[in-house]
Amino acid sequence: MSSPLSDPSARARSRALIALAGQPNAGKSTLFNALTGARQQIANYPGVTVEKNSGRYGHAGREVEIVDLPGVYSLASLSLEERVARRLLVDEHPDVVVNVIDASTLQRGLSLTFQLMELGRPVVLVLNMIDVARRRGFEIDLAALERRLGVPVVATVGRQRVGLDALRAAVAAAAAAAPAAPRSSSPVTYGVLERLAREIEHRLTDCPAITQSRCPRWLSLVLLEGDPDARCLVETTLDEPADLLARADQARAAFEDQAGVPVADHLVACRSRCAAEVVAATTTERRSGGHVWSEWIDAILLNRWLAPLFVVATAWTLYELSIVQGYELTKVTWPVLAHLRTLVAGILPDAGFLHDPQVRAMSLWLVDSANTLLNYVPIFLILFALIAILEDSGYMARIAFILDRLLHQYGLHGQSTLPYILGGVFAGGCAVPGVMATKGIPDPRARLATILTVPFMNCLAKVPLYTLLVNIYFPDHSGLVLFYLSTVTIMTAFLVAKLLTVSVLHTMETAPFVMELPPYHLPTVVGVVRRAVDRTWLYIKKVGTLVVAVAAVIYVSLQFPNLPAERIADYERRAAAAIAQFYQKLAGNPLAHAVSDPARLTDLVNLHSAYRARTLIAGGGAARRAIDAAVVRDHPALAPFLVRSRDRAARAAARALRTLTATRLALRREMKQERLVNSVLGRVGRGLEAVTWFAGFDWRINVALLSSFAARESSVATLGVLFEQEDGGVDALEVRMEAAPRLSDGALTAAALMLFFALYPPCLATMIMVRVQTGSTRWMLFSILFPTALGLAVASLTHSLGRALSLSGVEALTMVYLGLLGALVPVGLVRRRPTGAAARHAVSSPGGRRAP
Amino acid sequence: MFDQRMGPGVARRRRVRVDRRRRGRAPGRSSSPTLSEVRPGATCRVVALTIDNPVRRRLLELGLVPGAVVEVIRHAPLYDPLEVRVGATRVAVRRTEAAAIKVADLEVADVFALE
């Protein structure tokens, strides 16, 4: 640590140093971001891989540096995070310690507060997420809490930036009033231990070397605890430490003899008792009838036999309302997005006859990519709102309680349920919010296993490819195949989670399953809507920007290198021939003069595309007549070529134009495909054929899969490009893929492709989120490489075995399904620990009903 | 305080008691029962934690300190986590952790301490 340890009174730092401390999930980081804005820097704490976030803000003309400490439950220096946090608090002498507490769990948070107060630096207590606490019916008397603790208390809502000014002011006031030497202000007394602690404290107070930089009260307590760091400190600071240390050891032994518990346990117990007293004196719980209600509801919802039914019903409702109904809603919103595209297309330079300006082509590509994402917004809004209802009501915690046994069997955690639901357990979800939601899982190993398996879920973007392939290749078994696909993913996720837990994650730290079951609570409309909008916005922001960026990269790698000049010349010659033919047909037609100028012809052709696109969106009837009228009004000279009429000359002109545009489409399509084959991505796709041949994928599928890495949505779009498409085309991709040369083995390849797609690595946005949540590039790479290998292995196995045994696509899928089931069930039945089994035997005995 | 809980299935857990018939218990373990052996509906007092850090610390922080009064409310449908009440909070704890919490029958004084 860089600060001048030897001279702590030289805290004449140019700026105040503030440490932000708190338990995990108290909302520290949100508050940190809200306080510092963009002025942050991320580094590692010296010598360890724990991330150190520091930032700055200005307040009342003074620069304030703020360090976001790792989230810890205590300062016991048992875990790496605790050691890091404690070292900074003790050695760097922050001017103020800002202690962030989740207001809903005040009592638990206070035990850390007391330890921070014992350290002797001024503490500002922040009750964060006060809105949630109020919604849950807790009314905390801030003034009483201030009086009771003797530290300033500020209520904030970090997410909405509420209370930040009050916090800054409180910090400034505390920093100005900070005493030179550390002094404990903790209200905790330690009963029998108190006398011993005081004695050691007095001895320490006589040593200026200590009092200058350390709080004697804190040091006396940790010495009694037998903390090795504290011993070490005393040994290095004092000239004759032996006497003091011996006295501390003696006192500890005497206490433990008398009380029968370790000093450390006693300290924790005293703090927790004091916390309970403080909460009892300062917090009132509105609607105390809530507990009784909760009991009633729990008796039904957590009933041994009914609970699974309610969980399934909840998941089904979630699916039905968000995915099915949300999809209906997208039919309403899609025309808006289509209109947006038309609007953009109108602003951009017009298309040429054969070549489009690069700006136009690329912009439209980007708009299309953005639109595919925005198309899901209604679904996400509904999904996130429903999940907010589940969370706020308290039922989400119950789901975790019900399912923990099952999930734990596979190395996961009860709280893995939410990430899995968000990721799309059945069909439809998104891995990005899914991975994000793993933040709440308190067990590091289960959390990592969840992060790495959430991407296996069927996110919404996988669905279009499934639908496409199922419609083409499995029209008779669509229900069965979709059932397979939606369950294969969860089965694989469980198996992979188990595999990771017993292999690479084996040595990782795990934590006890300890989860609060809050009383049920009626969610508020405002709370739910805000959460749904927040999360959807986050999705748009995080995913949207990335997908657009990568779409640009893919566009470029699909376009370059361009075709050789002689090929372009060839296309141009054919285009010229088609135009010549068009004019020939119009010879003698009175309408011919309207397009005598070649530039006018290009206008006409573009007008034709726009007209077709618009009539396609509009459907028929009055809307179509309105479009016709608009064309006649805006382009009187060209309208006869487009609008249906009985006039002989107009019909001949329209016929000639149709032939011309058809030839144009064919030429452009041919050119696009040739360019694609020739492009960087096309070459890579062909290069990979050697590997993917076993799974039956040809280069076109490889290209589609590669581009789907950017966003899964683009797989169908790219297949669309590869299987002959054009902007104004009317044929659905299904029709085009069928018309195109068949995939080598049809259904079998489709089965392998769908399996691969189900297990395929996370898309780019998810990958970034994995990086953010694990804080490790290596895990991110693992999350790409492992599923790729797994997916390719499964797909190759399916395809090769299927061919060897001449199975149909459905048979091959059934084989895989049964294989997975065969692996899953035995793993699920393995007893985890013999002690657990013994205990089970004891308690499930009928003794439960014995008369008292 | 039990009077207020009148939901279905409450009737059978009227009394405060610990199930002392721990059949199938591994030999050699100490005689004091653990939280995982307490019947739903029963209330008991924490005696000691027989588990090491950091789990120990975490349980202590939750209020499962020696002397604390704990009520076992129910088992999860798949039997594993159990729901217990410590003070005003309801907490789900896995059986493996509960097995590390030694408990004892309530004394009369503890019953008053509950409310």
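In what follows, every chain begins at residue 1, and chains take the letters A, B, ... in the order their sequences are listed.
- Contacts between B:Leu64 and chain A at a heavy-atom distance below 4.5 Å are absent for every atom of the residue.
- With salt bridges taken as basic N to acidic carboxylate O contacts below 4.0 Å, none links B:Arg95 and A:Asp404.
- Per-residue heavy-atom pair counts under 4.5 Å with chain B were compared for A:Val268, A:Leu306, A:Asn303, A:Ile297, and the maximum is reached by A:Val268.
- Neither the backbone nor the side chain of A:Leu112 comes within less than 4.5 Å of any heavy atom of chain B.
- Contacts between A:Ala269 and chain B at a heavy-atom distance below 4.5 Å involve backbone atoms as well as side-chain atoms.
- Scored by the side chain to side chain contact (heavy atoms under 4.5 Å, CB included) test, A:Thr283 finds A:Leu106, A:Phe138, A:Ile140, A:Val279 as partners (sequence neighbours excluded).
- When heavy atoms are compared at a cutoff of 4.5 Å, B:Glu97 approaches chain A solely by way of its side chain, counted from C-beta outward.
- A salt bridge is absent between B:Arg90 and B:Glu71: the closest approach of a Lys/Arg side-chain nitrogen to an acidic carboxylate oxygen does not fall below 4.0 angstrom.
- Residues passing the side-chain hydrogen bond (donor to acceptor under 3.5 Å, both in side chains) test with A:Arg108 are A:Glu516, sequence neighbours excluded.
- No side-chain heavy atom of A:Arg398 sits under 4.5 Å from any side-chain heavy atom of A:Phe310.
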